[in-house]
Novice: 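Would you mind keeping the following structure in view while I ask a few things?
Indexing begins at 1, ligand by ligand and atom by atom, following the structure's order. All values below come from the heavy atoms of this structure, side chains included, with hydrogens, waters and symmetry mates left out.
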Amino acid sequence: MDTKIIHEGLVTIKTPEFDKVSSKAPVFYNPVMELNRDISVIAIKTYQDELEHEISICDAFGGSGIRGVRYAKEIENVSRVVVTDINPRAIQFANENIKINELNNVKACKEDANILLRKCKGKFDIVDIDPFGTPSYYMESAGISLKADGMICATATDTSGLCGTYKDPCVRKYGAMPLKTEYCHELGVRILAGFIARTFSKYKKCIEILFSHSTEHYMRIYARVKKGAKITDESLKKDIGYILHCENCLNRTVVQGITPKTSSICPVCGKNFKTVGPLWCGSILDQQFIESMLKNMENTKINQEKKVSKLLNMTYEEANGPATFYDLHQICKKMKTSSPRLDAVLESIKEEGYFVSRTHFKPTGIKTDAPVDKLKEVISCLNETCDPA
Ligand SMILES: C[S@@+](CC[C@H](N)C(=O)[O-])C[C@H]1O[C@@H](n2cnc3c(N)ncnc32)[C@H](O)[C@@H]1O
Ligand SMILES: [Zn+2]
């Protein structure tokens, strides 16, 4: 088998040579996910700093072992990393990569992730779930294997379901109704987060989301795990809910709770709301954590530095914004008007005293707590002033 050598972060990795990145590759390695791995290293470093004790990590879908090997090499105070993969050839490569990087705190084993995680009840500070497609099949085992005050890191690449292109798979895998809207990627992150929270809650565990993003073909969530029946009950009441969306006027509203009492009629235009959820309606970004990640970037050698920095800075800006966002082009299309400059719209909304920011989810997105009619008014005013006609 032909092999190639890759340099990511501080490690050197051997993988089989193949033409097309696919789940059928003899051992999976996707160069596009380097950004994901760079962010993971920084997020886990930041979390370890907070914990102030040695950490154990499970890289449950190891592939070539690149994640586990990077975590062991690039993060301080890692007592041990367990790399698992169901593919025996992946474990051969992972073992070779552990040797190449001269690590003695990493073990690789061929095992089904669900079995390994369940065998290791309450053992890990960090569990990384990075499967093909949905992480939903593994979330319960991840919840069992995490310590209180641990951190779950999960990737989902089944974005067509989470974003509502195909509704049925989302209902099946996450028990939630998605919606194809301008902010469907944010809805996807919230559906995934809501699913994690509801799954963990069986074990009296709740989550606080530290960082999340939707990039390329995947979504990724980093969440602190807390233990206790009372805080879990409180979190379910406060952080789980629904988003009601009006496709006619673009008004939307968040309702908290599993069975909220609410009207299905949009109060702005009188049409029926579409209901999305149950989903996570709490915060999906922690500004303080992102600030610490930015600081940690300064002493981390990563190849994707520019992209990571751009993402962290943008998420820092939007972190304290409300759920959902508007899309400038879509709202202008509804208004049958031309689109003013995004900067000008942001400035005008800010002058009116509302929260406003751009969002990493969409280049033309506007995150604001201004009601939809206010946004339309701002756009009309700008067009009147800008249009000589
Ligand atoms: C997306 S790849 C992982 C990529 C890797 N984390 C990286 O960053 O390069 C998914 C991996 O999960 C493995 N896998 C699939 N089902 C599994 C299961 N039930 N338990 C453990 N590993 C599994 C596959 O063999 C594949 O290597
Ligand atoms: Zn409406």
Novice: Fit a plane to each ring of His213 and His360, take the angle between them on a 0 to 90° scale, and name the class: parallel (under 30°), tilted (30 to 60°) or perpendicular (over 60°).
Specialist: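 Answer is tilted, since the angle falls between 30° and 60°.
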Novice: If you group Ile, Leu, Val, Met, Phe, Trp and Tyr by side-chain heavy-atom gaps below 4.5 Å, do Leu117 and Tyr137 land in one group?
Specialist: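 Per the 4.5 Å side-chain linkage, Leu117 and Tyr137 are co-clustered.
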Novice: Using a plain distance cutoff, I'd like to know if Asp130 has any nitrogen or oxygen under 3.5 Å from a nitrogen or oxygen of ligand 1.
Specialist: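 Yes; the residue has a nitrogen or oxygen that sits under 3.5 Å from a nitrogen or oxygen of the ligand.
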Novice: How far is atom 2 (S) of ligand 1 from its nearest protein heavy atom, and which residue and atom name does that atom have?
Specialist: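 The closest heavy atom on the protein side is Phe28 CD2, 3.4 Å.
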Novice: Let me know which of Arg37, Glu8, His7, Glu34 forms a side chain to side chain donor-acceptor pair (under 3.5 Å) with Asn303.
Specialist: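 Going through the options one by one, the only one that passes is Glu34.
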Novice: Other residues, nucleotides and ligands only: do more than 12 of their heavy atoms fall within 6.0 Å of CD on Gln288?
Specialist: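 Incorrect, the count does not exceed 12.
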Novice: Could you tell me if Glu318 and Thr359 have a donor-acceptor pair between their side chains, going purely by distance under 3.5 Å?
Specialist: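 Note: Thr359 and Glu318 side chains meet the donor-acceptor criterion.
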Novice: Has Tyr29 got any heavy atom lying under 4.0 angstrom from an atom of ligand 1?
Specialist: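 Flag not set, Tyr29 not near ligand 1.
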Novice: Just need the protein heavy atom nearest to atom 25 (O) of ligand 1, so name the residue and atom and give the distance.
Specialist: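 Sorting protein heavy atoms by distance from atom 25 (O) of ligand 1 puts Asp85 OD1, 2.7 Å first.
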Novice: Just to be sure I'm reading this right: ignoring hydrogens, which of Arg37, Glu111, Met33 gets closest to atom 9 (O) of ligand 1? Compare them by their nearest heavy atoms.
Specialist: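 Looking at heavy atoms only, Arg37 sits closest to atom 9 (O) of ligand 1.
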Novice: Near Pro131, which atoms of ligand 1 are under 4.0 Å from a heavy atom of that residue?
Specialist: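 Those atoms are 1 (C).
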Novice: Using a strict cut-off of 4.0 Å, indicate which atoms of ligand 1 neighbour a heavy atom of Asn87.
Specialist: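 So the atoms of ligand 1 that pass are 25 (O).
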Novice: Atom 12 (O) of ligand 1: which protein heavy atom is closest, and how many Å away?
Specialist: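 Of the protein heavy atoms, Phe61 CD2, 3.4 Å lies nearest.
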Novice: Between Lys110 and Asp85, is the closest basic N to carboxylate O distance under 4.0 Å?
Specialist: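 Not counted as a salt bridge, because no side-chain N and carboxylate O are separated by less than 4.0 Å.
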Novice: Would you call Lys334 and Glu182 a salt bridge, taking side-chain N to carboxylate O under 4.0 Å as the test?
Specialist: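 No, this pair does not count.
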Novice: What part of Ala113 sits under 4.0 Å from ligand 1 if we count only heavy atoms: the side chain, the backbone, both or neither?
Specialist: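 The answer is both, backbone and side chain.
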Novice: Angle at the Zn ion (ligand 2), SG of Cys246 to SG of Cys249, rounded to 10 degrees, please.
Specialist: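 Result: 110°, to 10°.
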Novice: Output the list of atoms in ligand 1 that are nearer than 4.0 Å to some heavy atom of Gly63, sorted by atom number.
Specialist: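 Under 4.0 Å from Gly63, ligand 1 has these atoms: 27 (O).
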Novice: What part of Asp112, side chain, backbone, both or neither, has a heavy atom within less than 4.0 angstrom of ligand 1?
Specialist: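 Both backbone and side chain.
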Novice: Going by the order shown, which atoms of ligand 1 are within less than 4.0 Å of some heavy atom of Ala60?
Specialist: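 Atoms satisfying the 4.0 Å criterion: 21 (C), 22 (N).
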Novice: Pairs of nitrogen or oxygen atoms closer than 3.5 Å, one from Ile86 and one from ligand 1: do any exist?
Specialist: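 N/O-N/O distance below 3.5 Å exists for this pair.
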Novice: Heavy-atom contacts with Gly62 under 4.0 Å: which atoms of ligand 1 show up? List them by number with element.
Specialist: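 This gives 5 (C) as the contact atoms.
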Novice: With the threshold set at 4.0 Å, does a side-chain nitrogen-carboxylate oxygen contact exist between Glu247 and Lys274?
Specialist: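 Between Lys274 and Glu247 there is a salt bridge, with a charged N closer than 4.0 Å to a carboxylate O.
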Novice: Go through the steps to decide whether Glu377 and Lys374 satisfy the test salt bridge (charged side-chain N to carboxylate O under 4.0 Å, His left out), and finish with yes or no.
Specialist: CA-CA 5 Å; Glu377 187 188 307; Lys374 173 55 77 182; 3.2 Å; yes
Novice: Using a 6.0 Å cut-off, check whether atom OH of Tyr166 has over 12 heavy atoms from anything other than its own residue.
Specialist: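 Open: at most 12 neighbouring heavy atoms sit under 6.0 Å from OH of Tyr166.
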Novice: Could you tell me, atom by atom, which parts of ligand 1 come under 4.0 Å of a heavy atom of Tyr138?
Specialist: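 Taking each heavy atom of Tyr138 in turn, ligand 1 has 19 (N) under 4.0 Å.
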Novice: Please report the shortest heavy-atom distance between Asn105 and Val78, naming the atom on each side.
Specialist: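 Taking Asn105 first and Val78 second, the nearest heavy atoms are ND2-O, 3.1 Å.
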Novice: Taking distance alone, with N or O pairs closer than 3.5 Å, would you say Ile66 contacts ligand 1?
Specialist: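 Checking ligand 1 against Ile66, no N or O pair falls under 3.5 Å apart.
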Novice: Are any of the heavy atoms in Ser23 under 4.0 Å away from ligand 1?
Specialist: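 No.
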Novice: Between ligand 1 and Arg67, is the shortest N or O to N or O distance under 3.5 Å?
Specialist: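 Min N/O separation from ligand 1 is below 3.5 Å for Arg67.
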Novice: Less than 6.0 angstrom from the centroid, inside 45 degrees of the normal: does Arg252 satisfy that with respect to the ring of Tyr326?
Specialist: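 Arg252 over Tyr326 ring: yes.
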